[in-house]
Amino acid sequence: MLSADQTIPRRDLSVAFKTYKRQLSNYQRLQLANNYCKAAYLEVMSLAKEAGTWVRAKPRLGNLDDLVNEFRTPPLPGRKMEVSVATAVIPDVLASEMAEMMTLSSNLWSKLLFPLVKHVEGSNVVGSLQYLSYADVSIKAAVQMYAELQLPTTLVPTRYFEFLRYGKEIMDGIYIIVDVSSRYSDPFAKRNSERRPSGVIIREHGPEDCEIIWIENVEVDETRENLYSTIIGSNLAYGAHRWVTTLLWNLKRDKSSFSDLKIDVHPGAGSFLLALTQAMKRFFMECVSQHPDEAALTVITSGEDPIRILHNKKLTEYISFVGVNSFRVQAKPLSVFQFLMKKDLQLEFRVFGGSETNEVHEEPELLFTFGTDDKSNIISLHKRVTKEGIVYGLQEASMDEYCSFILSKTLTEDTVNAHIVCGNKSIYEDSKSRMANITPSGFAIMPDGPGGLHCDASLVTFLVQLYYDPLGNPVDVEFVRKDFLSDLNNIIRELNEKVVGEKMTGFEIIHLTQGKASCI
């Protein structure tokens with residue numbers, strides 16, 4: 001049905017022309033939504049079949065060729081497609097449970113896929129999509145999603161997605177989660193990346209496990225030339241294998257257990273440690289984000305500067321800044337990770353221990369480890385006696401073939417007693433209001449190409465907290481930048497001398513920290 005929408009007067013004529021737009025009935029909208037959802041479902045199943053997975057046939061859903069062809073339209077100049085498929089067995093999770101994890105809670109989905117997925121918001125579908133979820137009993141859930149994907153570096157822009165997600169039971173014990181970009185229903189949605197039909201196909205695998213097929217099918221901007229071009233161009237940074245690896249790592253992390261105990265711990269200490277170290281990693285990712293949270297952080301260096309300095313507005317006891325830079329090292333990620341685990345603690349104890357970065361101290365005492373069975377994630381508490389008293393250092397070292405982190409922060413004795421220790425002096429309170437500030441220092445390590453932890457080169461992002469006395473001399477950005485460069489240059493020099501086995505000149509280090517390491 002056509003109806004007059006509005007009249008637009010023309011300056012050069014005395015008459016007005018009417019413009020028309022097609023008005024769809026509620027039934028037509030429902031049919032259109034149904035066809036798009038069916039076509040997206042068909043496309044995900046087709047991609048799984050074409051990849052040689054256990055999907056052997058495509059569903060028979062009628063003639064949807066026009067919509068499927070729309071999903072496969074080549075991207076415009078300056079854009080590219082990234083398509084990948086991965087399979088895995090997920091231990092101790094039933095197929096129905098996995099389907100619920102993926103659809104019923106955006107917060108849970110974000111937690112399971114962090115830090116690859118930096119931020120997620122979910123909202124209920126409305127209009128024809130809502131009616132469709134009511135009309136089709138096989139659709140178990142439908143939600144509108146907004147997601148941010150971020151690599152642990154300031155050199156790669158954040159990817160923003162908006163998409164519809166719905167979960168469908170194909171048959172008893174087999175489910176599919178389908179994602180499709182909001183551009184097909186809302187061309188004005190806020191995003192810079194398109195999630196063309198993607199998803200997860202889930203089936204039972206024995207009495208306690210499930211098996212998944214993960215399909216990533218996205219349209220994104222062409223990669224700008226920088227340190228991370230190789231890993232992004234080879235589909236390692238955002239590919240389906242990384243999504244699956246991140247999911248498995250997070251599920252294992254939630255089952256961490258204590259060992260090497262030299263102090264008594266409260267039964268709830270494990271939950272506190274998982275929450276605190278997760279918050280530490282979120283702070284790290286916020287600092288490297290394309291648009292950091294302005295309520296907490298202000299970027300005070302220019303966008304062209306490869307070194308980012310941020311003012312941390314949340315801390316009031318000190319004048320607090322954060323320094324960030326990414327660089328390349330010609331050494332295997334595993335070797336870099338092992339070296340930086342020790343260096344990270346030295347830096348953290350230096351902050352409140354009144355010592356220089358390279359000053360020699362006795363090793364801090366290890367009080368416990370809280371980690372996974374395969375040691376891919378270890379949270380540890382260390383103690384050192386300083387002139388100011390006892391200082392505790394908490395470190396999380398997480399390792400996988402795509403992205404590893406080493407983060408630490410100091411804790412006061414009161415915090416340790418309040419949240420970790422179980423004993424006569426314990427005042428354990430599982431309260432976020434009493435949680436110590438979450439500002440960490442540390443490193444993120446990615447391979448510079450295929451090979452995972454045994455790749456020939458590593459991409460490292462270094463983040464450190466810089467504190468200044470509010471009663472001292474005024475501090476400007478160049479002063480802070482100089483302090484950060486001092487730490488950064490020492491890190492790069494030690495990595496090259498002790499891990500790579502090469503000495504570096506001051507010129508080579510400056511060349512590296514100016515973001516030109518890809519030429520070395």
Side-chain angles (χ1 to χ4, degrees), residues 115-116 150-156 223-239 241-242 245 284 287-288 305-308 323-347 357-358 375-376 395 397-408 441-464 481 484-520:
L116 175 56
Q150 176 72 50
L151 296 188
T153 177
T154 61
L155 300 179
V156 179
T223 306
R224 296 184 301 179
E225 187 66 29
N226 60 43
L227 288 180
Y228 290 77
S229 301
T230 299
I231 191 171
I232 295 174
S234 59
N235 215 7
L236 294 172
Y238 298 103
H241 282 281
R242 186 177 176 207
T245 299
F284 186 105
C287 289
V288 301
D305 193 337
I307 290 173
R308 175 180 283 189
V324 186
N325 181 256
S326 298
F327 56 91
R328 183 180 185 274
V329 178
Q330 192 67 44
K332 298 182 187 301
L334 181 59
S335 300
V336 173
F337 180 87
Q338 292 168 340
F339 173 79
L340 290 179
M341 276 187 68
K342 182 177 180 180
K343 193 65 184 176
D344 176 59
L345 276 176
Q346 291 176 356
L347 284 167
T357 307
N358 53 5
K375 308 300 181 185
S376 62
Q395 182 185 73
S398 54
M399 177 172 57
D400 74 36
E401 59 182 308
Y402 295 104
C403 185
S404 301
F405 284 87
I406 305 165
L407 299 176
S408 64
S441 293
F443 304 87
I445 306 161
M446 298 187 75
D448 186 22
L453 293 168
H454 300 285
C455 177
D456 290 335
S458 304
L459 304 171
V460 181
T461 297
F462 171 49
L463 179 147
V464 70
R481 195 178 190 278
F484 174 68
L485 270 174
S486 176
D487 283 343
L488 178 63
N489 291 345
N490 285 333
I491 293 293
I492 293 174
R493 181 180 289 109
E494 288 193 40
L495 275 169
N496 279 274
E497 291 179 357
K498 298 180 180 180
V499 180
V500 181
E502 297 178 356
K503 289 189 177 293
M504 298 189 70
T505 66
F507 172 77
E508 288 173 322
I509 292 175
I510 292 172
H511 191 67
L512 216 77
T513 58
Q514 289 179 341
K516 302 174 183 176
S518 56
C519 302
I520 294 178

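Positions are given from 1 along the sequence.
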Donor-acceptor pair, side chain of [X] and main chain of [Y], under 3.5 angstrom:
{"X": "Thr154", "Y": "Ile307", "value": "no"}
{"X": "Asn325", "Y": "Pro306", "value": "yes"}
{"X": "Asn489", "Y": "Leu485", "value": "yes"}

Which value, rounded to the nearest 0.5 Å, describes the distance between [X] atom [atom1] and [Y] atom [atom2]?
{"X": "Ile492", "Y": "Glu497", "atom1": "CD1", "atom2": "CD", "answer": "12.0 Å"}
{"X": "Leu453", "Y": "Gln338", "atom1": "CG", "atom2": "CD", "answer": "9.5 Å"}
{"X": "Ser408", "Y": "Gln346", "atom1": "OG", "atom2": "CD", "answer": "11.0 Å"}
{"X": "Arg308", "Y": "Leu155", "atom1": "CZ", "atom2": "CG", "answer": "9.5 Å"}
{"X": "Gln330", "Y": "Leu495", "atom1": "CD", "atom2": "CG", "answer": "12.5 Å"}

Original post:
Can you name the side-chain hydrogen bond (donor to acceptor under 3.5 Å, both in side chains) partners of Tyr238, sequence neighbours left out?
Top reply: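 Tyr238 satisfies side-chain hydrogen bond (donor to acceptor under 3.5 Å, both in side chains) with no other residue.
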Which atom of [X] lies closest to which atom of [Y], heavy atoms considered:
{"X": "Asp344", "Y": "Gly442", "value": "OD1-CA, 3.3 Å"}
{"X": "Ser398", "Y": "Phe337", "value": "O-CE1, 3.6 Å"}
{"X": "Ser458", "Y": "Ile445", "value": "CB-CG2, 4.2 Å"}
{"X": "Leu151", "Y": "Val288", "value": "O-CG2, 3.9 Å"}
{"X": "Val499", "Y": "Ser335", "value": "CG1-CB, 3.9 Å"}
{"X": "Met446", "Y": "Ile231", "value": "CE-CD1, 3.7 Å"}

Does some side-chain heavy atom of [Y] sit less than 4.5 Å from a side-chain heavy atom of [X]?
{"X": "Leu227", "Y": "Thr153", "answer": "no"}
{"X": "Ser326", "Y": "Leu459", "answer": "no"}
{"X": "Phe284", "Y": "Pro115", "answer": "no"}
{"X": "Met399", "Y": "Leu334", "answer": "yes"}
{"X": "Arg242", "Y": "Cys403", "answer": "yes"}
{"X": "Met341", "Y": "Leu345", "answer": "no"}
{"X": "Leu347", "Y": "Ile491", "answer": "yes"}
{"X": "Leu236", "Y": "Pro450", "answer": "yes"}

Subject >> Passing option when Tyr228 is tested against Val156, Asp448, Thr223 for side chain to side chain contact (heavy atoms under 4.5 Å, CB included) >> reply: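 With Tyr228 as partner, side chain to side chain contact (heavy atoms under 4.5 Å, CB included) holds for just one option, Val156.
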Original post:
Who pairs with Phe484 by ring-ring contact (aromatic ring centres under 6.0 Å, His included), at least two apart in sequence or on another chain?
Top reply: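 Scan of Phe484 (ring-ring contact (aromatic ring centres under 6.0 Å, His included), adjacent residues dropped) gives Phe462.
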**OP:** Could you note down all residue pairs passing salt bridge (Lys or Arg N to Asp or Glu O under 4.0 Å) where residues 332-342 supplies at least one of them, sequence neighbours left out?
**Re:**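 Matches after skipping sequence neighbours: Lys332-Asp456, Lys342-Glu363.
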